[in-house]
Asks: 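Just dropping this structure here.
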Amino acid sequence: MKSDILLVAEHSATTIEPGAWLNTTWTVHADHRVIINIRYNMNDAKDRDLQTTIAQDVFDKLFDTLELAKRNDRKVFMLDADEWSFKQYTDGAQIYRRNSASIHGLMEFEKLEAILYQIIKRAKPAGEA
């Protein structure tokens, strides 16, 4: 059976304090569902699992922006900068991977960050209609 996951994006903190935000992961499915997992360091009570379905225009903008970002992907050396990783899939096979690193100064990746955080604003707790 082939996976319907098209993209997994993760934004992680590099400076981790007890109780502080640790990471956020977006899992984008072919049917436009997005599962969002937000985790905190040693503070399970704040952890959130969210879900939403994004409109076709947002879906297209997300993947169009990813394609532009991939063309301009390069290493960015920064101390104490949050890190991002991206894994893109087709038919269950990974077709692109950006290892965890800063996206500071990479315009298209920064646009991708903004799109992903806009998706959170529409999301509801997992299991809610």
Side-chain angles (χ1 to χ4, degrees):
M1 183 171 159
K2 297 183 184 201
S3 175
D4 73 335
I5 294 175
L6 298 180
L7 177 66
V8 176
E10 183 173 352
H11 182 193
S12 301
T14 53
T15 305
I16 304 169
E17 299 174 8
W21 168 78
L22 186 61
N23 65 37
T24 302
T25 303
W26 294 258
T27 304
V28 182
H29 295 261
D31 64 0
H32 297 206
R33 282 180 303 125
V34 182
I35 309 299
I36 304 159
N37 307 107
I38 303 170
R39 298 291 177 259
Y40 291 84
N41 188 31
M42 298 184 311
N43 191 349
D44 295 347
K46 287 182 75 177
D47 288 353
R48 294 186 295 156
D49 294 311
L50 308 170
Q51 66 183 12
T52 190
T53 301
I54 56 176
Q56 185 67 48
D57 64 327
V58 175
F59 185 85
D60 293 343
K61 184 176 182 182
L62 177 67
F63 283 94
D64 290 348
T65 304
L66 176 61
E67 287 305 313
L68 292 171
K70 287 167 32 178
R71 287 188 219 151
N72 296 302
D73 192 359
R74 61 181 166 76
K75 285 191 171 195
V76 175
F77 179 75
M78 293 210 47
L79 297 174
D80 297 329
D82 288 350
E83 296 182 345
W84 282 84
S85 66
F86 296 91
K87 295 175 191 162
Q88 185 180 14
Y89 301 88
T90 296
D91 294 328
Q94 185 173 294
I95 61 169
Y96 172 74
R97 176 182 180 144
R98 183 174 202 279
N99 291 326
S100 196
S102 174
I103 61 169
H104 181 76
L106 300 177
M107 187 173 65
E108 298 304 327
F109 279 109
E110 289 178 350
K111 287 179 185 177
L112 200 53
E113 173 185 17
I115 294 166
L116 290 166
Y117 273 102
Q118 281 295 321
I119 292 170
I120 288 179
K121 292 181 180 182
R122 300 191 42 172
K124 296 181 180 178
E128 280 188 17

Asks: Looking only at the side chains, is there a donor atom on one of N99 and R97 sitting less than 3.5 Å from an acceptor on the other?
Replies: yes

Asks: Looking at every heavy atom in both K111 and T65, which two are closest together, and how far apart are they?
Replies: CB-CG2, 3.9 Å

Asks: With a 4.5 Å cut-off on side-chain heavy atoms, are L106 and R74 touching?
Replies: yes

Asks: Check whether any side-chain heavy atom of D57 lies under 4.5 Å from a side-chain heavy atom of D60, and answer yes or no.
Replies: no

Asks: For a quick test of reading the model, state the closest non-hydrogen atom pair linking M42 to P18 and the distance between them.
Replies: CE-CB, 3.2 Å

Asks: Side-chain contact test, heavy atoms from C-beta onward, threshold under 4.5 Å: evaluate it for E10 versus E83 and give yes or no.
Replies: no

Asks: Taking all heavy atoms of S12 and all of N23, pick out the closest pair and write down the distance.
Replies: OG-CB, 3.6 Å

Asks: Not counting sequence neighbours, which residues clear side chain to side chain contact (heavy atoms under 4.5 Å, CB included) with N43? List them please.
Replies: Y40, A45, K46

Asks: Any sub-3.5 Å donor-acceptor pair from D31's side-chain atoms to R33's backbone N or O?
Replies: yes

Asks: What's the shortest heavy-atom distance between E17 and N41, and which atoms?
Replies: O-ND2, 3.4 Å

Asks: Applying side chain to side chain contact (heavy atoms under 4.5 Å, CB included), run through D49 and I35 and close with a yes or a no.
Replies: CA-CA 7 Å; D49 294 311; I35 309 299; 6.0 Å; no

Asks: Quick one: does any side-chain atom of H11 pair with a main-chain N or O of W84 as donor and acceptor, under 3.5 Å?
Replies: no

Asks: Would L7 end up clustered with I38 when hydrophobic side chains under 4.5 Å apart are linked, directly or stepwise?
Replies: yes

Asks: Could you identify which residues cluster with L68, counting Ile, Leu, Val, Met, Phe, Trp and Tyr as linked when any side-chain heavy atoms lie under 4.5 Å apart, either directly or through a chain of such contacts?
Replies: none

Asks: With a sphere of 6.0 Å drawn around NZ of K61, does it hold more than 12 non-hydrogen atoms of other residues, nucleotides or ligands?
Replies: no

Asks: Heavy-atom distance under 4.5 Å between the side chains of L50 and T52, does that happen here?
Replies: no

Asks: Centre-to-centre under 6.0 Å for W26 and Y117, is that the case here?
Replies: yes

Asks: Go through the steps to decide whether T25 and R39 satisfy the test side chain to side chain contact (heavy atoms under 4.5 Å, CB included), and finish with yes or no.
Replies: CA-CA 9 Å; T25 303; R39 298 291 177 259; over 6 Å; no

Asks: Are H32 and V58 packed together at the side-chain level, in the sense that at least one heavy-atom pair is separated by less than 4.5 angstrom?
Replies: no

Asks: Is there a path of hydrophobic side-chain contacts, each under 4.5 Å between heavy atoms of I, L, V, M, F, W or Y residues, that connects V8 with L116?
Replies: no

Asks: Side-chain heavy atoms under 4.5 Å apart, restricted to Ile/Leu/Val/Met/Phe/Trp/Tyr: what other residues fall into the cluster of L22, or is it alone?
Replies: I16

Asks: Within the 4.5 Å heavy-atom criterion, are R71 and E108 side-chain neighbours or not?
Replies: no

Asks: Between I5 and Y89, which heavy-atom pair has the shortest distance, and what is it?
Replies: O-CB, 3.3 Å

Asks: Do the side chains of D73 and F109 get nearer than 4.5 Å, heavy atoms only?
Replies: yes

Asks: How about R122: does its CZ atom have over 12 heavy atoms from other parts shown lying under 6.0 Å from it?
Replies: no

Asks: Mind listing the closest non-hydrogen atom pair of Q88 and K70 along with its distance?
Replies: OE1-NZ, 2.7 Å

Asks: Does some side-chain heavy atom of L66 sit less than 4.5 Å from a side-chain heavy atom of F63?
Replies: yes

